[in-house]
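Remember, predicted model here, so these are calculated numbers, not experimental data. Convention: sequence-line order gives letters A, B, ...; per-chain numbering from 1.
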There are 2 protein chains.
Amino acid sequence: MSKTAGSPLNPISSITMTDQAEQRLREYFISQGYKIGDALPKEIELASELGVSRSVIREALSRLRMLGMIDVRKRRGTILTEPDVLSGMERILELNFLGKETLKRLFEVRLMLEMGLGEFLFNRIDDQHLQKLDGIVKEEELTGDKARLIQLDITFHATLYEITGNPVLIRFQEMLQPIFQYVLDYRAEIHQPGTAPEVTHQDLLDILKNGNAASFREAMKNHFEHHFQLIT
Amino acid sequence: MSKTAGSPLNPISSITMTDQAEQRLREYFISQGYKIGDALPKEIELASELGVSRSVIREALSRLRMLGMIDVRKRRGTILTEPDVLSGMERILELNFLGKETLKRLFEVRLMLEMGLGEFLFNRIDDQHLQKLDGIVKEEELTGDKARLIQLDITFHATLYEITGNPVLIRFQEMLQPIFQYVLDYRAEIHQPGTAPEVTHQDLLDILKNGNAASFREAMKNHFEHHFQLIT
DNA sequence: GACTAAAAACATGTAGAACATAAGTATTTT
DNA sequence: AAAATACTTATGTTCTACATGTTTTTAGTC
């Protein structure tokens, strides 16, 4: 029986004892009702209970440590901590090894998020935010520097995220920013005079000052019109 | 000088050589212009170059392996692979160790996403989806079982995500689902007859059939009205 | 020479011992 | 009782050894 090359049934990279140990540890935390702050057994005990060597346990614990699930201190042992929900993604996005398909999907998520910002902006915006946006829009009108315009575009949208005051969201946006730089470059490209008119940052800002969430949603939709036209 | 208890300046858990090795490896991938499919040097060589033992390198590689950045095979060595952007978050959400603040922020993100779904739904919905939603809505009208209603509510919204055909988004929603079960319970609670009328699933479905993205956005906003009222 | 089967070489996977290091704990000293 | 000291302990790191599964090489057969 011959094996088809490139078959969808690739030989799964062998599941190592470390993989299993990591999974068993996570299951163990849940089944034992562990809570944040609780202390774990010693490495040797864990190794003994799982029937593996200390090396394996340490590799597994090292993974959990990276995710911020545990905090290990000499002599004191290991304690459970509140993990950083974005830690893994941050490392991955920094690497910039994602394929085109995934990037496309992430960009779609980004568009959805910005379309949903409205409800939160009007509840949380303050004068400081408005001043910052004012400054950005004013400089956009004055400058002729293309690179600067791109920078200002990024900052404008980043500021919108900031207004929500949602740290998870803000950090997520910061992580995506460098990845979608090229999209913004492209966006700046088509913003040439002569292109069809659209809702500008100035328009969005006016709505933030005098409008409401509903009008902001529609404006945002128009502001992103070009991106939505590319949806397949 | 006494140390304030619970001070914001907690002693940072010592940065181990494994932590450094992991970071150095990621930087190394970037600086050396590695691409997916490229092979890494042997563990011993990496250890030698970083001046650490093989154990330390293996703990670092084990972390990268968990994120799907590398694929290690016996004898063949390690090759770079496209990482799974959600792998880390998936493990963390499964654990359910997140604090109230983070959960609140994640729920806000979820609300934003659903508010932004509209543009994508109308481009990608097909008859199969409509039939599924029809079935859900019909059963919602018939059943009196509260638990079943909650289940149907979850399924309705999950189906909306499915329609986008965005795997990253769909998986993200699936990951969050068990975490926000309690929110849905609460939502079902306030959906008692007598409560203020609002946009129902039937209404949303009608819009998906005959409406457009703009009307869907407004409908979604009304559907979530109660949640938005809780925004501070 | 071409194909097949056995053998060797090899990198990772796992185990285990040993020691270093930091942080509690107990003991002694004043 | 307070402070200095020695001791104990669990993790951090290194090293050695061997198992395991692939790849490559060699040997063998037709």
List the protein contact pattern of nucleotides 9-15 of chain D with one symbol per nucleotide (5' to 3'): B for base contact, S for sugar-phosphate-only contact, - for none; contact means a heavy-atom distance under 4.0 Å.
-> BBBBBBB

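- Using modelled atom types and a 3.5 Å distance limit, the side chains of Ser62(B) and Arg63(A) yield a donor-acceptor pair.
- Look at CD1 on Ile57(B): it is 16 Å from C1' on dG13(C), rounded to the nearest Å.
- Arg148(B) has no carboxylate O lying under 4.0 Å from a charged side-chain N of Glu140(B), or vice versa, which leaves the two without a salt bridge.
- Arg91(B) meets the side chain to side chain donor-acceptor pair (under 3.5 Å) test with Glu22(A); sequence neighbours excluded.
- A donor-acceptor pair under 3.5 Å is formed between the side chain of Arg124(A) and the backbone N or O of Thr164(A).
- Applying the salt bridge (charged side-chain N to carboxylate O under 4.0 Å, His left out) test to pairs two or more places apart or on separate chains, none has a residue in residues 172-181 of chain B.
- Residue Ile79(B) contributes atom CD1, which lies 14 Å from atom P of dT22(D) at whole-angstrom precision.
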